[in-house]
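Take a look at the structure below.
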Amino acid sequence: MRKAKGLLLIQDGLGDRPIYKLGRRTPLEAANTPNMDNLARNAITGLMDPLAPGVRVGTDVGHLALFGYNPLRTYWGRGPIEARGVNIELKTQDVALRCNFATVDDEMNVIDRRAGRIREGTNALASALSGMVLEGDIEVIFRLATEHRAVLVLRGDHLSPEITNTDPGPASVGEPVRTCQPTEPGLRLAKRTANAINEFVSRSHEILSKHPVNIKRVDEGKLPANIVLTRGAGSALKMRTITERFGLKGACVAGESTVIGVARMAGFDIFTSPRFTANVDTSLEDKSRHALEALKQHDLVVLHLKGTDILSHDNKPLEKMHFIERVDEMIGQLVAKIEPDVYIALAADHSTPCEIGEHTADPVPVLIHGPDVLVDNVVSYGERNCQKGGLNRITANQFLLSLLDLMGFTVRYGY
Ligand SMILES: [Zn+2]
């Protein structure tokens, strides 16, 4: 079978809803995007549900689905994905959790779950917590992920991921830090693990409150990162990589640890750099350069951009529109340098409408551009226009399969 290469560009949280001040258009519809529209005119387009219509997903599940996994069957929690993202090899007994540096008041009520989106000094804060030993000889591995995010791995005997979050969740300002508990009463190993987490969280508060990085932040009028909140506990799961399943060489260009974690699990080579900030100030130039480089040695290259999702969570539709316009310029430069026989796909992991400030189940616009696709009548890349596209409405798994099939990497069922 003839084989071709593919580039899949994922704009995190791209999908949106009509916004009054953008003339009842979405940021993508309102943005000036000649290059995406040019792709759309020569592509097959459609709408994509990450899992199914009406099902809301996180970035982890959205990407698992886009990388070809069925998260309904194989979901092992956010923690282990993040751990892979920061390059911690999990042992079978380990429990991994996703963490935030956060700010609490003296009564342990949350002031800011992201400690003012802290970016400086976080490595020093993480080092101050790693290596501590908890009651029952449980070892702590604590590593910084992206910005205010980090990963906690508990290593010891008789641990269980069946525990609740200490993070009270989004929109929890003023709420107290939760006590970690077994997900069901009577789980003995989970009780032991929950106790370890509670000890860790309270010691993190003690250590971080006194840390020079935070003393300086308070002096400067910034929120101190004076506690670690935990969530998404899980254990390592052995599973077949996607690259092995389809016999392809994959590469992922990304800055965000969740996406890097999923890509690593899927067997993709990682192209990352400190200049990939997983935010709006990421170096788009470097990202496209890495993507072009990766295409030389790989069949499928995934290029991930986080800025769209960040601006959506912060309800900044205008800024989201401008960021999309910058991405469009990057796409223009990429397309000019890519061989015409390479398939180019645009997608998103989920929608994050700015005015909601959270992920919703709205489907996202997608397209596949390439030498022999059945071009439809859609002339611009947007939520409404892609409703009329030839791919119709498909799931993320089906979208990836459609791309891989065009590239010649799918397996045939039956004779
Ligand atoms: Zn998000």
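In each ligand, atom 1 is the first atom listed, and ligand 1 is the first ligand listed. Position 1 is the first residue of the sequence, and the numbers go up from there.
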Worksheet entry | Pair Ile260-Ile270, side chain to side chain contact (heavy atoms under 4.5 Å, CB included): steps then yes or no | CA-CA 7 Å; Ile260 293 175; Ile270 307 299; 3.8 Å; yes
Worksheet item: Angle at the Zn ion (ligand 1) between OD2 of Asp309 and NE2 of His313, to 10°?
Response: 100°
Discussion item. Would Asp309 and His350 count as a side chain to side chain contact (heavy atoms under 4.5 Å, CB included) here? Give the steps.
Written reply: CA-CA 9 Å; Asp309 188 56; His350 54 73; 3.4 Å; yes
Discussion item. I need the Leu28 CG to Asp16 CG distance, nearest 0.5 Å.
Written reply: 9.0 Å
Item to complete: Please test His313 against His359 for side chain to side chain contact (heavy atoms under 4.5 Å, CB included), starting from the C-alpha separation and ending with a verdict.
Response: CA-CA 8 Å; His313 281 288; His359 304 181; 3.1 Å; yes
Discussion item. Under 2.8 Å from the Zn ion (ligand 1), is there any N, O or S atom belonging to His350?
Written reply: no
Worksheet item: Any N/O/S of Asp12 under 2.8 Å from the Zn ion (ligand 1)?
Response: no
